[in-house]
Q: 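The structure that follows is given in the form of structure tokens.
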2 protein chains.
Amino acid sequence: MPQPVLELRHLETLLALDECGNLSKAAARLYLTQSALSHQLKALERHYGTILLVKNVRPVRFTAAGTRLLDLARSVLPQVADAERELARLAGGGGGPLRVAVQCHNCFDWLMPAMDAFRPLWPGVELDIISGFVADPLPLVERADAELAVVHDEPPARPLLSFSPLFRYESVALMSPTHPLAAKPWLEAADFQDQTLITYPVPDEMLDVMKHCLVPAGVNPRRRTAELTVAILQLVASGRGIAALPAWTIGHYIARGYVVSRPIGRGGLRCDLYAATRRAGAEVAYIREFITLTRSLCLTELQGVSAL
Amino acid sequence: MPQPVLELRHLETLLALDECGNLSKAAARLYLTQSALSHQLKALERHYGTILLVKNVRPVRFTAAGTRLLDLARSVLPQVADAERELARLAGGGGGPLRVAVQCHNCFDWLMPAMDAFRPLWPGVELDIISGFVADPLPLVERADAELAVVHDEPPARPLLSFSPLFRYESVALMSPTHPLAAKPWLEAADFQDQTLITYPVPDEMLDVMKHCLVPAGVNPRRRTAELTVAILQLVASGRGIAALPAWTIGHYIARGYVVSRPIGRGGLRCDLYAATRRAGAEVAYIREFITLTRSLCLTELQGVSAL
DNA sequence: GAAAATAATGAGTTTGAATCATTATGCCCG
DNA sequence: CGGGCATAATGATTCAAACTCATTATTTTC
């Protein structure tokens, strides 16, 4: 007598499917394989005796039946989330500090909205950013001066820490539309050799292009620095040099034609962000939710971002 | 990153727990073992870091956290059920005939309310009772003159049919409060020997006491028949004989002291009801729901009824 | 205080949900 | 039109969650 074939898991899948538009992306977002989702869908469709979505079209299109289930998901999953938050409160885990240490300038672009979304859900949590960017924030977390650190790439395992993937973004090269390099479909490391590279005034370690592309290739262009993203874009637009920034920072500058962007290297330059917490912290409901909420916000809102 | 530990299954469990008042009963209702529920609860409680219910008290008492989850269940599960009904409609399985064949008189007591509850959920289903009680309704189902038959005990497997347990009820002996047998804590078959047994005018096959108790024991009391349950009770109350009826039929007669009831045999006389459908019919959403709905209504509303 | 109900526990088993490795399908573009 | 890329389907295999079984512990009842 198997009453409920349907489980919350399936509703999560449908939601992801709707947001991502295809099985593979949705699977990545759910930390599952494309195969898993395919099997899942097939089982559901067999059970209900009707197709739930048309997959050979981009993005996937939900049938009437699929839409009905999607609506169910939209109604039910938030209720579940609410209940679980309240349970955390009832279990005495509804409040506490959440100090976030961030390495990179640009992260503030998404960190602020994420914090804004988080605050009303967990009014009992004291949310702070550990200001002044820290070269290596991991010791902060280890000695409990921060609950969470955002770091690049997955660091080697540490006994006290646990790492959760946040997302992968693309760093793109920026130049004025009239710049000679704008003619190329993508840039190689060598293309930077005779250029002026405009960056934030931070160590090369913390600059994606330098760390992952130019330093390995032994390229060392002229440099110029600016504190603010707008200032960098200003300099680029006026032809004073080229820059490399995460794709998400520059959406409307591109749209307005002030600057153009080109991938760095054939497949583009991908950078991975992780959230580090102490292992004990990874159990705390509000820290977990901060991570998942941030991830999910970034994946849906930010340009050029994909699941990790 | 296992987000949802909670699944619909758990919500079903909580609901059953609330209705049944203890793990064992709830487990039976869900077709699971008591052990399964115990493990389930423990896992949930470990995950949320708080106790959900106090089990060493009858009925179990939900904690604040438990109540919150129970509320979630009460909100979410009906939404899921609604969605699934609509899916069935969208899949083209929202309508069709549902002709129910019933063996026993008393079954109408619960069949009517069940049908009343069912109708608004499936307006497209043509619900009928195959009237005139049929001695053996199984052939009706086999040759598709009925979609569902209610039968006693689990019949031997038949190639075309599938049987679903409905519930178990107790048949009790009824007598006037002043009757000598009322002094006994329970009745043996032999006690019936010199009595007048008042029954419906149907073959012994279809009378629980006869079939499962007196006939096996070779006891054959005087007989008197009446068509209606009230008439039987009237005769019993006025000392004209004793009767045996399902415990559920007689609640308020007992309460008012007109008659008293005694178990038949040490542990009482238990009878099992099953729903028979054609194997193909067991797949049809509305037939499945009719069965589960009926079962669940009877289990919660009827006296002396337990899960099978 | 014994018997009956009920719950907990840990080991063992089953099942279903995932992955892996591969094949199929559709789409774009030269 | 055919090769290459992105995406989905498939079936075998793996793995772990969830269940059962057998037993012990606890509580209730008479």
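Each chain gets a letter, A, B and so on, in the order the sequences are listed, and its residues count up from 1. Given the structure is predicted, the values throughout are model-derived calculations rather than measurements.
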Q: Is the phosphate of D:dA18, meaning OP1 or OP2, less than 4.0 Å from a side-chain N or O of B:Gln40?
A: no
Q: Would you please confirm or rule out a distance under 4.0 Å between OP1 or OP2 of C:dA8 and any side-chain N or O of B:Lys55?
A: yes
Q: Counting heavy atoms not belonging to A:Ile51, are there more than 12 under 6.0 Å from its CD1?
A: no
Q: Return whichever of B:Lys42 or B:Lys25 has its heavy-atom-nearest nucleotide of DNA chain C closer to the 5' end.
A: B:Lys25
Q: In whole angstrom, what separates A:Leu17's CG from D:dA8's P?
A: 8 Å
Q: Write out a two-atom table: protein N or O, nucleotide N or O from nucleotides 22-30 of chain D, distance below 3.5 Å.
A:
residue: D:dT28; atom: OP1; partner: B:Asn56; partner atom: O; Å: 3.4

Q: Please report the distance, rounded to the nearest Å, between CG in A:Leu41 and P in D:dT7.
A: 16 Å
Q: Taking A:Thr300 for the side chain and A:Ser296 for the main chain, is one N or O donor matched with an acceptor at less than 3.5 Å?
A: yes
Q: Between B:Leu23 (CG) and D:dC19 (C1'), how many Å, whole number?
A: 15 Å
Q: Just how far, in rounded Å, is P of D:dA8 from CD1 of A:Ile51?
A: 14 Å
Q: Should B:Asp71 and B:Arg68 count as an ion pair when the cut-off is N to O under 4.0 Å?
A: no
Q: Would one find a side-chain N or O of B:Asn22 under 4.0 angstrom from OP1 or OP2 of C:dA5?
A: no
Q: Is the shortest side-chain N/O distance from A:Thr33 to OP1 or OP2 of C:dT19 below 4.0 Å?
A: yes
Q: Decide whether B:Ser176 and B:Thr178 meet the rule of one side-chain donor and one side-chain acceptor closer than 3.5 Å.
A: yes
Q: Whole angstrom is fine here: how far is it from NE2 in B:His47 over to C1' in D:dA18?
A: 16 Å
Q: Measure the distance from CD on A:Glu45 to C1' on D:dA8 and round it to the nearest whole Å.
A: 12 Å
Q: Have a look at A:Ser24 and say if it touches a base, only the backbone sugar-phosphate, or nothing, with a 4.0 Å heavy-atom cut-off.
A: sugar-phosphate
Q: Do B:His39 and C:dG10 share a donor-acceptor pair, side chain to base, under 3.5 Å?
A: yes
Q: Base, sugar-phosphate, or nothing: which does B:Leu32 touch, judged by heavy atoms less than 4.0 Å apart?
A: sugar-phosphate
Q: Rounded to whole Å, how long is the line connecting atom CG of B:Leu53 with atom C1' of C:dA8?
A: 14 Å
Q: Round to the nearest Å and state the distance from A:Glu7 atom CD to C:dT15 atom C1'.
A: 14 Å
Q: Just wondering, more than 12 heavy atoms not from B:Arg61 lying within 6.0 Å of its CZ?
A: no
Q: Does the ring center of A:Trp110 lie less than 6.0 Å from the ring center of A:Tyr169?
A: no
Q: Taking all non-hydrogen atoms of both residues, which atom of B:Arg29 and which atom of B:Leu299 are closest, and how far apart?
A: NH2-CB, 3.0 Å
